[in-house]
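For clarity, every value in this text was computed on a predicted model and none was experimentally measured.
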Amino acid sequence: MSEPVVGSAGFAAAAADVIAELFARTGEGRPRPRLDPTRRVVELLGDPQRACPVIHLTGTNGKSSTSRFIESILRVHGLRTGLFTSPHLRVFNERITIDGEPLSDEKLVENWHDIKPYVEMVDAELQEAGDVRLTFFEALTALAFACFAEAPVDVAIVEVGMGGEWDSTNVADASVAVFTPIDMDHSATLGGTIAEIASTKAGIIKPGSRVVSAVQVSAALAKIEQAAASVGAPVVLENRDFVLSSDIVAVGGQLITVQGRAAAYESQFLPVFGDHQGHNAALAIAVCETFLGDGAVPLDADVLAQGLGEATTPGRLELAATQPTIIIDAAHNPHGARSLAEALERYFDSDHVALVIGVLDDKDARGMLSQLLPLAERVFTTQVESERARDAEDLAAEVLRSDPDKPVLSYDSVDESLSVAREWAGEEPGRVVVVAGSVILAGEALLVVEDRDWS
């Protein structure tokens, strides 16, 4: 039932058409709290989500970084890996990677045309029942699992889109259910308390799952342990079953020591910044120990060193440029902004910070500003190319409500705001530009840096 695929020279154009088809669906910022449509389409596809074990991650912050650490360690271990993360930063294909490489345009086109008839079959069933057709993220999830099955991969590392219980990725049954720290975010959709949010996220725990969790506040941990107990799933918990023993600032990153489930891993180089990344790496180590040997077999020292050393976390405290320094981070909620602020003070000691910030209109801008404004000498507000973007002038007014004496300028485009901030930073040594507030903003800023050849 596949549609004909154009010659190799035309795959970029054909891939762009596929991406446009997907984005024409209901956006990922407006998820539908339902699982049956995704379950229906993967059943028609022969349940590709069951083709290999799945490591399923949820939480408020740190999912993408932890996913990438896990993927890199398991790939170096010798497994063929699939990784599904969202949203993308630079290019759409980053969302689905096979063996560490973004999905090729050719495979994107071929796999989409393979599953498209079944997607449209479910679309028709939904519309006949008076419901909306498969959303962007529902269709993309089906595509990701189809790509992993077609590759094929030995293990799929899958990040939830939002929540957990009704997230479309939850058609898979987690071999290991992973929880990064849970905090307030997406309150209108997931609930107004941490307990409610954690209850929804705990829906990824299934019979047969093993649970590995970062340190959680008591309300979140109670919901995770309750869900695990209901299906007899063991819980591995940071600071009880594994611990980040130390982290030391080093050139280009940090040296971490982790007491894992099976062994101690001394002075491992992690080429990323931020204490929170040390905790993400410790979580990833515990997940890999759990997946590979149920916590009883130590990870090979050389494999771990290479896996962590080669791991990348684009848009997460990324040193995107020097002369002057530009740091880009995808922090998009108060918890992420707090981690960013702590990392800036420890890893990038500067009293002269220009903050370029743009947020989406459903995010807690005031909460983020409360963490970041004390570090900023001046602020440049901007807005990303999204229908959900908060107006730059409105955001500037929010800055002044939070700190009436803070110098602030607003710009409609990321390019202009970043250029002006960089010009200011270049006037004196020691000045730093920090970009934060949205994953979309991080991606757009990275593209500006690349296009202008500032890196």
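- Of the listed residues (Glu428, Glu377, Arg431), just one forms a side chain to side chain donor-acceptor pair (under 3.5 Å) with His352, and that residue is Glu377.
- Side-chain atoms of Asp123 come within 3.5 Å of backbone N or O of Leu134 as a donor-acceptor pair.
- At a threshold of 4.5 Å between non-hydrogen side-chain atoms, the residues Leu89 and Arg316 count as touching.
- Checked by atom type, the side-chain pair Asp364/Asn333 shows no donor-acceptor distance below 3.5 Å.
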Checking Ser65 against Val272 for the side chain to side chain contact (heavy atoms under 4.5 Å, CB included) test, could you report, in this order, the C-alpha distance in whole Å, the side-chain angles of both residues, the deciding distance, and whether it holds? CA-CA 10 Å; Ser65 294; Val272 294; over 6 Å; no

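- No side-chain heavy atom of Asn61 sits less than 4.5 Å from a side-chain heavy atom of Thr180.
- Relative orientation of the Phe380 and Trp424 rings is tilted, given thresholds of 30° and 60° on the angle between their planes.
- The minimum heavy-atom distance between Glu159 and Thr169, with the atom names listed, is O-CG2, 3.8 Å.
- Residues Ile70 and Val155 fail the side-chain proximity criterion, which asks for heavy atoms closer than 4.5 Å.
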Please lay out, stage by stage, how Phe137 and Met162 fare under the test side chain to side chain contact (heavy atoms under 4.5 Å, CB included). CA-CA 10 Å; Phe137 196 73; Met162 187 183 294; over 6 Å; no

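- Contacts classified as salt bridge (charged side-chain N to carboxylate O under 4.0 Å, His left out) and involving residues 270-282 (residues at least two apart or in different chains) are given here: Asp275-Arg346.
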Candidate pair Ile285 and Leu308, rule side chain to side chain contact (heavy atoms under 4.5 Å, CB included), full reasoning: CA-CA 9 Å; Ile285 288 170; Leu308 291 178; 4.3 Å; yes

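- Contact annotation: the side chain of Asn93 approaches that of Asp105 to within less than 4.5 Å [non-hydrogen atoms, C-beta and beyond].
- The stretch residues 131-154 participates, sequence neighbours left out, in these salt bridge (charged side-chain N to carboxylate O under 4.0 Å, His left out) pairs: Arg32-Asp131, Arg34-Asp131, Arg34-Glu138, Lys107-Glu150.
- With contacts defined as side-chain heavy-atom distances shorter than 4.5 Å, the pair Val249/Phe273 does not qualify.
- Between Thr58 and Asp167, every side-chain heavy-atom pair lies at or beyond the 4.5 Å cut-off.
- Applying the ring-ring contact (aromatic ring centres under 6.0 Å, His included) test to Phe291 and every residue at least two apart in sequence or in another chain returns nothing.
- For the pair Val414/Leu441, a side-chain contact is recorded, criterion being any heavy-atom separation below 4.5 Å from C-beta on.
- In this model, a donor atom of one side chain and an acceptor atom of the other lie less than 3.5 Å apart for Thr81 and Glu71.
- Taken to the nearest 0.5 Å, the CZ atom of Arg75 stands 8.0 Å off from the OG1 atom of Thr97.
- The two atoms that bring Pro271 and Gly309 nearest to each other are CG-O, 3.5 Å, heavy atoms only.
- Between the side chains of Glu238 and His279, a donor-acceptor pair is found at a separation under 3.5 Å.
- Residue pairs satisfying the salt bridge (charged side-chain N to carboxylate O under 4.0 Å, His left out) criterion with at least one member in residues 441-455, sequence neighbours excluded, are listed as follows: Arg90-Glu450, Asp415-Arg452.
- Under the 4.0 Å criterion applied to side-chain N and carboxylate O atoms, Arg388 and Asp361 are not assigned as salt-bridge partners.
- Of all heavy-atom pairs spanning Thr135 and Thr26, the tightest one is CB-O, 3.6 Å.
- With sequence neighbours excluded, no residue forms a ring-ring contact (aromatic ring centres under 6.0 Å, His included) with Phe69.
- Residues meeting the salt bridge (charged side-chain N to carboxylate O under 4.0 Å, His left out) test with Arg338, sequence neighbours left out: Asp183.
- Under the salt bridge (Lys or Arg N to Asp or Glu O under 4.0 Å) rule, Glu398 has a single partner from Lys363, Lys406, Arg366, which is Arg366.
- Of the possible polar contacts, one joining the Lys63 side chain to the Gly59 backbone as a donor-acceptor pair under 3.5 Å is found.
- Once rounded to the nearest 0.5 Å, the distance linking NE2 of His335 with OG of Ser339 reads 5.0 Å.
- A perpendicular orientation is assigned to the rings of Phe136 and Phe92, their planes being inclined by more than 60° (bins at 30° and 60°).
- Between Phe148 and Phe84, the distance from one ring center to the other does not fall under 6.0 angstrom.
- Summarising the geometry of Cys147 relative to Ile98, their closest heavy-atom pair is O-CD1, 4.3 Å, with the distance given to 0.1 Å.
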Determine, stepwise, if the pair Thr85 / Arg68 fulfils side chain to side chain contact (heavy atoms under 4.5 Å, CB included). CA-CA 9 Å; Thr85 60; Arg68 290 175 181 277; 4.2 Å; yes

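- Across Leu340 and Ala436, no two heavy atoms sit closer than the pair CD2-CB, 3.6 Å.
- Taking all atoms of both residues into account, the shortest heavy-atom contact from Thr200 to Gly163 is CG2-CA, 4.2 Å.
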